[in-house]
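Chain letters run A, B, ... following the sequence lines, proteins first, then strands; residues in each count from 1.
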Amino acid sequence: MLQIQKIRTDKDSIIKNILEVRKVDVSDQINEVYNLDLKKRDTQKHLDEMSANMNVLSSQIGEQFKKGAIEKANILKKETTVLKENIKKLRKSFEELDQSILELLYQIPNNPNELVPPGKSENDNEIIFSSSIDSLKNDSLLPHWELCKKYDLIDFELGVKVTGAGFPIYKGKGAILQRALIQFFLNEGNKIGYQELSVPHLVNESSGYGTGQLPDKEGQMYHASLDDLYLIPTAEVPITNIYRDVILEEEDLPIKHIGYTPCFRREAGSYGKDVRGLNRLHQFDKVEIVQITNPLESYQTLEDMVLYVESLIMKLDLPYRKLRLCGGDLGFTSALTYDLETYSVGQDKWLEVSSISNFETFQSNRLKLRYRDQNKSIELAHTLNGSALALPRIMASLLEINQTEGGINIPEVLRPYTGFDSI
RNA sequence: GGAGAGGUGGCAGAGUGGUAAUGCAACAGCCUGCUAAGCUGUCAACGAGCAAUCGUUGCCAGGGUUCGAAUCCCUGUCUCUCCGCCA
């Protein structure tokens, strides 16, 4: 959620930037917020004055009662009745204004960073780097779902029986390879100072609001209605919400966490070849990295995080490309996002395996995640996160590119974790 | 699932109707041969002001009673203890 202070000072440039970059016109919402805010502050001024009066009267009444001057006290009491009524009314309209502003703010997306290329769709994303894939193309290579069947690594039909489409069952070496990847990703993160967390897979409603899944995207989350808990769509939700309503000390920053969790997504509206095999699942595993930083450092941190995730892909020896998302493809809460996509040789297709974003203060404003700087003043921190990495599509790319007549070779770095060299 | 107790500042902890004691910790300033001690101050949100500062709100949340609520009433929620169940 955007900061109201910024809307007070820069509303026109925010409107202009969101329109140019995201191609979305938010002028109505922002102007309304601006006007409601003026009204709200005016209301508060009156309300405060009246309340101050009321406090004075109340304590006078108390004094009179103590003295035993009941007559005088009763006269004062009468004075309060009108005042009380007015305070009640004014408080109500103050709260209504406050609520309206909040609801509008929830609907306004983050203001994109200047690096974000303007654009409407994924076609406008900026390709920053791409491995050369021409020499890899080969029609005789199998897509991963056929490899999974051939070597009995992942059983999609069995998952349908037990749960439904999009809940595959990993078997034997398939399950071991998956576990090896998780272990590898966690260990690499630990090496460069990310503290590992093992977090709940269900979260409460407040956490859903904190990271922005609620109120808009509840359709994307599974909901355990009996206990009113949500299955997490990403580890970002429980990890970031640890810091909801927290004031950190500046020297605590940056905070770096890494966590593995399954992720649950309803993916309502997806269909066709996009959902074939491991391309899109309702439940999948992911290792997530999260950082909370000083605002001055967040963009350097974003670059570091992207480089780190790239290094993981390189260690696995997978062809990949790096994109800077354009305004139209940029997530609602993000100010700047890089996507990393590995190449699926069996499908001749790029698969998104990581999305790394700087949210600036958009999340922390909602979370009330702040820090005390050297002048003791309290400021919003910046939050960032990224996948490092999402498992199924990595698995898909990995199986496809390492297939040979005699089997599937396991990348060198994973062998200590799998205990076998090939499938 | 049943029964009971409870939720107050960074922590501990008092406060049953008159506007949040006290202790500990941390930080800042003062004092000071040194050290220790001592003294003073230090919460958050919002608003007004160039500023010093001032006002309002906040004792789990939401409602109610009252001139006035941490305190009384209602609803919700969370935690703890015992019992039951259980990896």
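Per the geometry, CZ belonging to Phe94(A) stands 6 Å off C1' belonging to C46(B), to the nearest Å. If you measure from atom NZ of Lys45(A) to atom P of C54(B), you get 19 Å, rounded to the nearest angstrom. Following rounding to the nearest Å, Lys78(A) (NZ) and U66(B) (C1') show an atom-to-atom distance of 17 Å. Atom-to-atom, CD of Glu95(A) to P of U56(B) comes out at 17 Å; the value is rounded to the nearest Å. Counting to the nearest Å, the P atom of A44(B) and the CZ atom of Arg370(A) are 9 Å from each other. Protein atom NE2 of His46(A) is 12 Å distant from nucleotide atom C1' of G47(B), rounded to whole Å. The CG-C1' distance, from Asp98(A) to G47(B), rounds to 12 Å in whole Å. If you take CG of Asp245(A) and P of G58(B), they are 18 Å apart, rounded to a whole angstrom.
Here the closest non-hydrogen pair linking Phe94(A) and Thr43(A) is CB-CG2, 3.9 Å.
Of the side-chain N and O atoms in Arg8(A), one or more sit less than 4.0 angstrom from OP1 or OP2 of G47(B). When the side-chain nitrogen and oxygen atoms of Lys84(A) are compared with OP1 and OP2 of G68(B), one or more of them lie within a distance under 4.0 Å. At the phosphate of U56(B), neither OP1 nor OP2 sits under 4.0 Å from any side-chain N or O atom of Asn53(A). OP1 or OP2 of A44(B) sits under 4.0 Å from a side-chain N or O of Arg372(A). OP1 or OP2 of C46(B) has not a single side-chain nitrogen or oxygen of Arg41(A) nearer than 4.0 Å. Close to U56(B), at under 4.0 Å from its OP1 or OP2, lies a side-chain N or O of Asn55(A).
With both ends at atom P, the span from U53(B) to G41(B) equals 14 Å, rounded to whole Å. Straight-line distance between the P atoms of C24(B) and U79(B): roughly 33 Å, to the nearest whole Å. G23(B) sits 16 Å from G13(B) when the P atoms are compared, rounded to a whole Å. Distance noted for atom P between G49(B) and C34(B): 47 Å (whole Å). One C1' atom belongs to U71(B), the other to G6(B), and the distance between them is 15 Å to the nearest Å. Rounded to a whole angstrom, the distance from the P atom of U65(B) to that of C54(B) is 34 Å. Here, A61(B) and C82(B) have their P atoms 28 Å apart, quoted to the whole Å. The gap from the C1' atom of C59(B) to that of U8(B) amounts to 4 Å, rounded to the nearest Å.
Among the heavy atoms of the strands lying under 4.0 Å from Ile61(A) is at least one base atom, whether or not backbone atoms are also near. Leu83(A) comes within 4.0 angstrom of no nucleic acid atom, judged by non-hydrogen atoms across all strands.
The nucleotide C39(B) finds its pairing partner in G29(B), both defining distances of the Watson-Crick or G-U wobble pair being shorter than 3.5 Å. In this entry C50(B) has no Watson-Crick or G-U wobble partner, no candidate having both defining distances under 3.5 Å. A20(B) is unpaired under the criterion used here, namely a Watson-Crick or G-U wobble arrangement in which both key atom distances are under 3.5 Å. Across all strands shown, A61(B) forms a Watson-Crick or G-U wobble pair with U75(B), both key distances being under 3.5 Å. If you check G15(B) for Watson-Crick or wobble pairing at under 3.5 angstrom, you find it paired to U8(B). The base-pairing partner of C34(B), taking Watson-Crick or G-U wobble contacts with both distances under 3.5 Å, does not exist among the strands shown. Across all strands shown, U81(B) forms a Watson-Crick or G-U wobble pair with A3(B), both key distances being under 3.5 Å.
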Evaluate Leu105(A) against Ile7(A) for side-chain contact (heavy atoms from CB on, under 4.5 Å), listing each step before the verdict. CA-CA 10 Å; Leu105(A) 285 174; Ile7(A) 291 179; 3.6 Å; yes

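The salt bridge (Lys or Arg N to Asp or Glu O under 4.0 Å) test with Arg324(A) singles out one residue from Glu303(A), Glu126(A), Glu122(A), and that residue is Glu126(A).
Atom CD1 of Ile408(A) and atom CG of Leu177(A) lie 9.0 Å apart (nearest 0.5 Å). Between atom CZ of residue Phe359(A) and atom OG1 of residue Thr383(A) there is a gap of 6.0 Å, rounded to the nearest 0.5 Å.
Around CD of Glu249(A), the count of heavy atoms belonging to other residues, nucleotides or ligands within 6.0 Å exceeds 12.
Ring geometry for Tyr243(A) versus His257(A): interplanar angle under 30°, hence parallel rather than tilted (30 to 60°).
Between G47(B), U57(B), G68(B), one nucleotide has an atom nearer to the side chain of Met54(A) than all others, and that is G68(B).
Cation-pi contact between Lys286(A) and Tyr260(A): absent, since separation from the ring centre below 6.0 Å together with deviation from the ring axis within 45° is not met.
If you find the closest nucleotide of RNA chain B to Ser58(A) and to Glu49(A), the one lying nearer the 5' end belongs to Ser58(A). Residues Gln44(A) and Thr80(A) both approach RNA chain B. Their nearest nucleotides, taken by heavy-atom distance, put Gln44(A) toward the 5′ side.
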